2 protein chains.
Amino acid sequence: MVTSHDVARLAGVSQATVSRALRDDPKVALDTKERVRSAAITLGYSPNPIGRALAVGRSTRVGLVVTDLENQFYSYVISPMHRELEKHGYELLLITESSEQAPVADLVAGAGLCGVVLATTTLDSVLPVRLADRGIPFVYFNRTTPNVPADSVTVDPAPGLEKLVDDLVRLGHTRVGAVFGPVNTSTGEEREQALRHILDDQGLTLARKHVRRGPFEFGTGRDAMQELLDLDDPPTVVICGNDVVALGALNTAVERGVRVPEEVSIVGFDDLPTSAWPLVRLTTVAYDLEAMSRQAARLLVERVESGESVEAGGVHTARFDTSYVPRATLGRVEG
Amino acid sequence: MVTSHDVARLAGVSQATVSRALRDDPKVALDTKERVRSAAITLGYSPNPIGRALAVGRSTRVGLVVTDLENQFYSYVISPMHRELEKHGYELLLITESSEQAPVADLVAGAGLCGVVLATTTLDSVLPVRLADRGIPFVYFNRTTPNVPADSVTVDPAPGLEKLVDDLVRLGHTRVGAVFGPVNTSTGEEREQALRHILDDQGLTLARKHVRRGPFEFGTGRDAMQELLDLDDPPTVVICGNDVVALGALNTAVERGVRVPEEVSIVGFDDLPTSAWPLVRLTTVAYDLEAMSRQAARLLVERVESGESVEAGGVHTARFDTSYVPRATLGRVEG
DNA sequence: CTGAAAGCGCTTACAG
DNA sequence: CTGAAAGCGCTTACAG
């Protein structure tokens with residue numbers, strides 16, 4: 001392995017000067033810089049980030065903590081987040097919460113990360129507490145927990161849901177069903193509260209038998225739809241906690257030969273690219289997931305680089321607006 | 001930050017002993033280990049991986065190099081690969097080749113990685129050369145380049161394609177079209193050669209006007225399908241380079257109101273979970289992508305841990321079998 | 001503007 | 001079985 005010492009020797013300077021020159025320290029003479037740079041190039045040298053991290057006391061590694069890497073949703077998060085971090089000179093490390101081998105907090109603390117994006121926080125997560133204890137900067141992505149203050153990027157479901165419910169009324173739906181996300185997630189909770197509230201305002205109610213609940217996964221929608229369709233009086237529309245759940249529901253309807261939206265309407269939340277496919281045309285609630293992912297990266301980088309603690313300077317929050325995207329899975333009630 | 005020195009002080013031993021005890025060195029007395037461990041726990045200490053990496057001379061960080069993080073295909077690769085690496089105590093870092101900021105080779109070399117999985121190698125990639133030059137272990141995933149020998153995990157398209165072509169014949173297809181992957185990828189090349197060869201054996205030919213080509217992306221299938229459907233004599237079946245391309249093609253057919261498979265049949269390759277959706281039911285060629293991803297991780301770990309160079313011990317290759325998965329997008333030719 | 005030196009937090013021969 | 005010491009490849013006060 002070629003080190004800064006090798007470069008120093010070739011350039012005829014000290015190792016310290018190599019370090020400075022390559023970091024473009026203004027105190028280094030221009031011709032010295034040139035000499036060092038060309039020496040570095042001929043030797044194919046690039047500074048070892050591990051040495052650097054140890055010396056500086058922090059790395060440029062950011063962790064993204066998720067539970068379910070297979071979930072389509074996260075593909076669309078990872079990509080823009082990764083790009084944004086890269087732009088700032090940071091790397092993205094994946095961490096799954098399912099890794100129960102070591103307590104995740106230790107793993108995170110031990111992974112030499114300079115900061116963490118939490119994408120699958122539950123209301124009872126201990127990870128935020130642990131991170132705060134150890135002074136590891138982090139930002140909540142999409143989901144939060146009120147117990148531990150931190151920067152966050154979230155979405156406001158109300159605007160989109162309001163428009164959706166307007167449409168529900170217009171189309172004559174009265175038996176409305178829902179497949180909510182888990183109660184222990186802020187997103188699940190918040191969307192449920194918002195929806196119930198808005199339905200209420202319009203004089204609509206959610207019959208208990210028409211409500212299901214479960215993780216934000218395909219299987220949740222699938223199973224819920226099976227049960228709902230087996231009811232004597234199934235709902236005329238099923239509003240799902242997110243698109244992945246809605247896709248599960250939609251596929252189950254299709255599999256059973258139940259026509260959508262003639263026999264049952266289905267609505268999602270997230271507006272994933274898949275939902276816009278001509279084959280799918282899922283009616284849903286949209287927001288700018290890509291901008292949100294970038295924003296989370298940016299907030300974390302700022303937090304890391306400012307070195308400012310949450311207690312000292314307060315918290316940065318970004319809240320994203322939602323809109324209603326009518327497509328083909330929500331229709332007029334028949335009969 | 002709590003260091004091994006703090007633990008040493010609390011446990012009343014030397015820092016070196018802390019290091020040994022926590023790594024479960026058999027030379028350390030059992031009661032000493034106990035003392036050190038409990039001290040570590042009370043202090044909430046976990047060894048700093050950066051210090052470790054520097055001392056040992058290598059990290060436990062593995063890079064996954066891809067071009068297109070949004071591509072569905074890679075979601076299904078990342079998850080099992082990540083899990084397998086984690087099992088062996090390694091972390092997964094994402095690297096996109098699009099990052100033209102720094103030559104990727106430098107980035108990889110500079111990122112303090114102990115090894116790399118290359119998932120989007122093209123036949124003319126220079127990255128493998130660079131990695132080999134610098135002695136950075138890597139394994140080819142799915143795609144290879146013959147120029148630089150290295151461990152690899154690939155799929156053999158022939159078995160699946162043979163069964164597919166049998167079915168093509170049985171169903172009366174004669175105007176067969178194809179949307180191949182890029183010629184500068186081993187997978188694109190290999191699947192094309194295999195398909196042409198097998199068609200040939202069955203007396204079928206691929207008219208030049210029925211052939212399209214492009215990156216393994218949704219848009220490729222979409223655009224190709226538009227063109228093919230505009231032909232005076234469109235193909236009766238379109239065989240796509242992979243599922244993502246086939247999904248693009250399928251959605252375009254749907255959008256244009258062209259019935260699949262009555263008016264045109266569509267076939268993919270990969271058997272992504274999406275392809276099995278009741279809404280999709282894509283006829284395709286399958287292989288065990290999850291096992292393949294795990295295998296790649298394992299080969300890399302072995303290579304890294306053995307420290308054996310490719311020249312010295314030769315190369316490990318795993319080749320995965322394919323099977324044919326008939327579903328609903330391939331049908332009998334009408335009329 | 002440049003160098004010698006200390007130090008980041010570990011691991012690992014080397015003694016004992 | 002344990003400790004003192006050197007060293008991994010950097011950065012950064014401190015001198016000059």
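Chain identifiers are assigned alphabetically (A, B, ...) following the order of the sequence lines, protein sequences preceding nucleic acid strands; residue numbering begins at 1 within each chain. What you are looking at is a predicted structure, and each value in this text was computed from that prediction instead of being measured.
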Legend entry - Spacing of A/I50 atom CD1 relative to D/dC10 atom P, expressed in whole Å: 10 Å
Legend entry - Candidate pair B/R298 and B/D151, rule salt bridge (Lys or Arg N to Asp or Glu O under 4.0 Å), full reasoning: CA-CA 11 Å; B/R298 236 175 291 129; B/D151 298 337; over 6 Å; no
Inset, instruction - Could you let me know what D/dA4 is paired to, Watson-Crick or G-U wobble, both distances under 3.5 Å, or none if it's on its own? - result: none
Legend entry - Check ion pair B/D288-B/R294 (N to O, under 4.0 angstrom): no
Inset, instruction - Consider only side-chain N and O atoms of A/H88 and A/E84, and report whether a donor and an acceptor are under 3.5 Å apart. - result: yes
Inset, instruction - Could you state the atom-to-atom distance from NE2 of B/H5 to P of D/dA4 in whole Å? - result: 10 Å
Inset, instruction - State the OG-CG distance between B/S4 and B/L22, to the nearest 0.5 angstrom. - result: 9.0 Å
Inset, instruction - Rounded to whole angstrom, note down the P distance from C/dG9 over to C/dA13. - result: 23 Å
Legend entry - Minimum side-chain heavy-atom gap B/F216-B/P182 below 4.5 Å: yes
Inset, instruction - Could you please name the option among D/dG9, D/dT12, C/dG9 that lies closest to any side-chain atom of A/V56? - result: D/dT12
Inset, instruction - Send over the distance from B/E34 CD to D/dC1 C1', rounded to a whole Å. - result: 16 Å
Legend entry - Salt-bridge contact A/R83-B/E70 (side-chain N to carboxylate O under 4.0 Å): yes
Legend entry - is_close_aromatic(A/Y140, A/F138), centroid dist under 6.0 Å: yes
Inset, instruction - Sort out the partner of C/dA13 for me: Watson-Crick or G-U wobble, both distances under 3.5 Å, none otherwise. - result: none
Legend entry - A/K33 NZ - C/dT2 P separation (whole Å): 10 Å
Inset, instruction - Taking only heavy atoms on the protein side, list every residue of residues 7-30 of chain B lying under 4.0 Å from any atom of DNA chain C, sorted numerically. - result: B/Q15, B/A16, B/S19, B/R20, B/R23
Inset, instruction - Nearest-nucleotide wise, let me know which of B/L54 and B/D31 is further upstream toward the 5' end of DNA chain D. - result: B/D31
Inset, instruction - Provide the distance between the two C1' atoms, one in C/dG16 and one in C/dT12, to the nearest whole Å. - result: 16 Å
Inset, instruction - Rounded to the nearest angstrom, tell me the gap between atom CZ in A/R52 and atom C1' in D/dC10. - result: 9 Å
